[in-house]
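Scroll down for the structure; my scribbles are underneath it.
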There are 2 protein chains.
Amino acid sequence: MIVTIKDVAERAGVSPKTVSRVLNNETHVRPQLRETVLRVIEELNYKPNMFARGLSSARSYLIGLFIYDPYWSGYATDIQLGALRRCRELGYHLVIEPIDPHIEGAAEQVVDSVAGLRLDGVILPPPLCTFEPLLARIEEMGMAYVRISPGQDMDRSALVEIDEYAAAHEMTRHLIELGHRDIGFVEGIPTHAAAARRYAGFKTAMAEAGLTVNPDWVLPGMFTFQTGFAAADELLSRKGPLPTALFCANDDMALGAVSAARKHGLEAPADLSIVGFDDAPAARFSWPPITTMRQPVSDMVASAVDMLVDPKYRRDAGKDGGKPAPRLQLPFALVQRQSAATP
Amino acid sequence: MIVTIKDVAERAGVSPKTVSRVLNNETHVRPQLRETVLRVIEELNYKPNMFARGLSSARSYLIGLFIYDPYWSGYATDIQLGALRRCRELGYHLVIEPIDPHIEGAAEQVVDSVAGLRLDGVILPPPLCTFEPLLARIEEMGMAYVRISPGQDMDRSALVEIDEYAAAHEMTRHLIELGHRDIGFVEGIPTHAAAARRYAGFKTAMAEAGLTVNPDWVLPGMFTFQTGFAAADELLSRKGPLPTALFCANDDMALGAVSAARKHGLEAPADLSIVGFDDAPAARFSWPPITTMRQPVSDMVASAVDMLVDPKYRRDAGKDGGKPAPRLQLPFALVQRQSAATP
DNA sequence: TTGAAAGCGCTAACAC
DNA sequence: GTGTTAGCGCTTTCAA
């Protein structure tokens, strides 16, 4: 009923070890023999048992993706898709584990619970990539991991990112070139280091253009629709002068801001230009479509998978303090849509 | 370095088998011995190796969730959360596998690729729960599976659902009681059987109230923001008479419809009542918040996990043609928010 | 370039 | 109630 490596070996007239060699693309197999084995594998529809494999070798063909995203923004969506896609391409499987940093001991518990899975590595997107208890436990267990856009501790582990600072700088330039001088900013989660770098890029671009940042127009946000809504709602409720443009640190908040503006009888971009960051799916389909900064999130996570699969990151690699942790920077791109225009 | 069952056994002064018994909550272990073993496990921070376990037993402690949701609606979000949560509670892990039904052979390929994982079962949410090639392959492989809201083939396998028909009926009644007589409907994906049952519930409720369904006001949709937007956009562009309420077969489309209405200078609910279905997270936070029908999606999937973990659904259970496939129906609830009012 | 033997860490089956 | 024995299906030695 269930086909094992022995069945394949018998039918192909070779030893199990030879089949194993073919399976793992090892060298030292006569091309002709390899062909035969491959054919038999096909014929018998043989699928190697991952458990037997994992038990006797150092690899599990399993990658972990740790997430915390209670509001399931478009960002988290892309993260998953990228990981899923590349895992599929490489013959790996993805194990997703949510972790709530606010729950005492949650991180440790999750890491322990996957310890038995012998994951080949784990991927840490924001905000978990800067969650210290989690990092500590992962390192303690000797697991390989790659962080996505941590924005700090750059030499601590492999990471993939975009230049958040430069991207925010470019977005701000875009607003300024459109003719805006009074620009507000809705910040992201304070503990998310990338959020700080976006704000830094904004501030620098303003200063370089000889513009001052009005502190009253810098609002707190948590990267969610509601906090974007709340920030804009609060801003637009005031008596004083208002900015002509609002730079939200991500798309979900920009969407919320558009909604809040509407509540105040204001339309984007006619009455207020609103831009986001990330290029989440919803930014494309909302009304108006949101001008944003595209981050190749899927590609970033796919690269993270690549790093984990690469032999030198595997858990049996051993630390060679020599090499610095690899740091991959992917390109970003301004996506002009209809939520921003001349004031 | 790595703690095995033998280490625990030695330290506790028992045999490995006894440790195994404790691990698996088997009977026939003296309470006192059990205590000792548990303490040693704790002390040594022992984590059973899933591979060894899976290799020698029939269980993998792995559940598969197959999804197809290119637009990552709120529905898919809840599906995942429910599965993740219950798996965590039961000590299982979730392996997520996307399948695109439009790609020739994709289903077969995915099922083959997880064959080596010996999943304890797979969960099939819409629209995959009615995708024949997938079902066929899963059955061929002898895998246990539970479908979510398939709406057809009710005796084919275990399933979890709500009474879509009754729910849509109730929502329509709500609109009618609000005073609406001219009600439009935006349909869901045609191949999604549950979508048809929602429409049926709508039609019956209308008929029962002596109201006619204007076929011009029944628009096609695909359960996405864009198709909801497009449907409403098209409807509102017409010269003729317009409905006073629009029942969208899910929340994402309702959100799109709200957006389209706005494009035409119409506000919900003042100018047009718009309701959805599902109670997706976004329905709560949009402006206006969407009146919708709550489906306990998370609980439904959690129940599906329970079914799969239950011994009698495990892959070593064997088919006993006697028992009918279990069918679990969970309660729904009307959630009145601000997108619907009297005409 | 190939194969034989010895486990990997756990649990099933069977003793005691 | 508890322990012993024998694998699960693969990969790793190491020998040929």
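Numbered from 1 within each chain, the chains take letters A, B, ... in sequence-line order. This is a predicted model, so every value here is computed, not measured.
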* To do: Check DNA chain C against residues 33-42 of chain A and give the residues with a non-hydrogen atom under 4.0 Å, in numerical order.
  => A/Leu33

* To do: Heavy atoms under 4.0 Å is the rule here; annotate nucleotides 4-14 of chain D 5' to 3' with B where the base is hit, S where only the sugar-phosphate is, and - elsewhere.
  => B--BBBBSB--

* To do: With a 4.0 angstrom cut-off to heavy atoms of chain B, pull out the first and last contacting nucleotide of DNA chain C, in 5'-to-3' order.
  => C/dG9 to C/dA13

* **Partner set under side-chain contact (heavy atoms from CB on, under 4.5 Å) for B/Pro331, not counting sequence neighbours** => none

* To do: State which residues pass side-chain hydrogen bond (donor to acceptor under 3.5 Å, both in side chains) with B/Gln329; sequence neighbours excluded, sorted by chain then number.
  => B/Glu161

* To do: Locate the shortest heavy-atom distance separating A/Pro98 from A/Val110; write the atom from each residue and the value.
  => O-CG2, 4.0 Å

* Does the pair B/Ile5 and B/Arg53 meet the rule for a side chain to side chain contact (heavy atoms under 4.5 Å, CB included), with working shown? -> CA-CA 11 Å; B/Ile5 200 172; B/Arg53 227 173 175 182; over 6 Å; no

* Can you list the residues that meet the salt bridge (charged side-chain N to carboxylate O under 4.0 Å, His left out) rule with A/Arg39, with sequence neighbours excluded? -> A/Glu43

* To do: Taking side-chain hydrogen bond (donor to acceptor under 3.5 Å, both in side chains) as the test, write out the residues that go with B/Glu132, two or more places apart.
  => B/Arg156

* **Summary of ring pair (Phe, Tyr, Trp, His ring centres under 6.0 Å) pairs that have at least one residue in residues 29-57 of chain A, sequence neighbours excluded** => A/Phe51-B/Phe51

* To do: Just jot down the side-chain contact (heavy atoms from CB on, under 4.5 Å) partners of A/Asn45, sequence neighbours excluded, or say none.
  => A/Lys47, B/Asp112

* Exercise: identify the closest heavy-atom pair between B/Leu94 and B/Ala83 -> CD2-CB, 3.8 Å

* To do: Output yes when A/Arg85 and A/Asp78 qualify as a salt bridge under the 4.0 Å nitrogen-oxygen rule, no when they do not.
  => no

* 5'-to-3' dot-bracket of DNA chain D (Watson-Crick, G-U; under 3.5 angstrom; crossing pairs as [ ]; | other strand) -> ||||||||||||||||

* Asked: Sequence neighbours excluded, which residues qualify as side-chain contact (heavy atoms from CB on, under 4.5 Å) partners of A/His102?
  -> A/Tyr68, A/Asp100

* **With sequence neighbours excluded, residues passing side-chain contact (heavy atoms from CB on, under 4.5 Å) with A/Glu104** => none

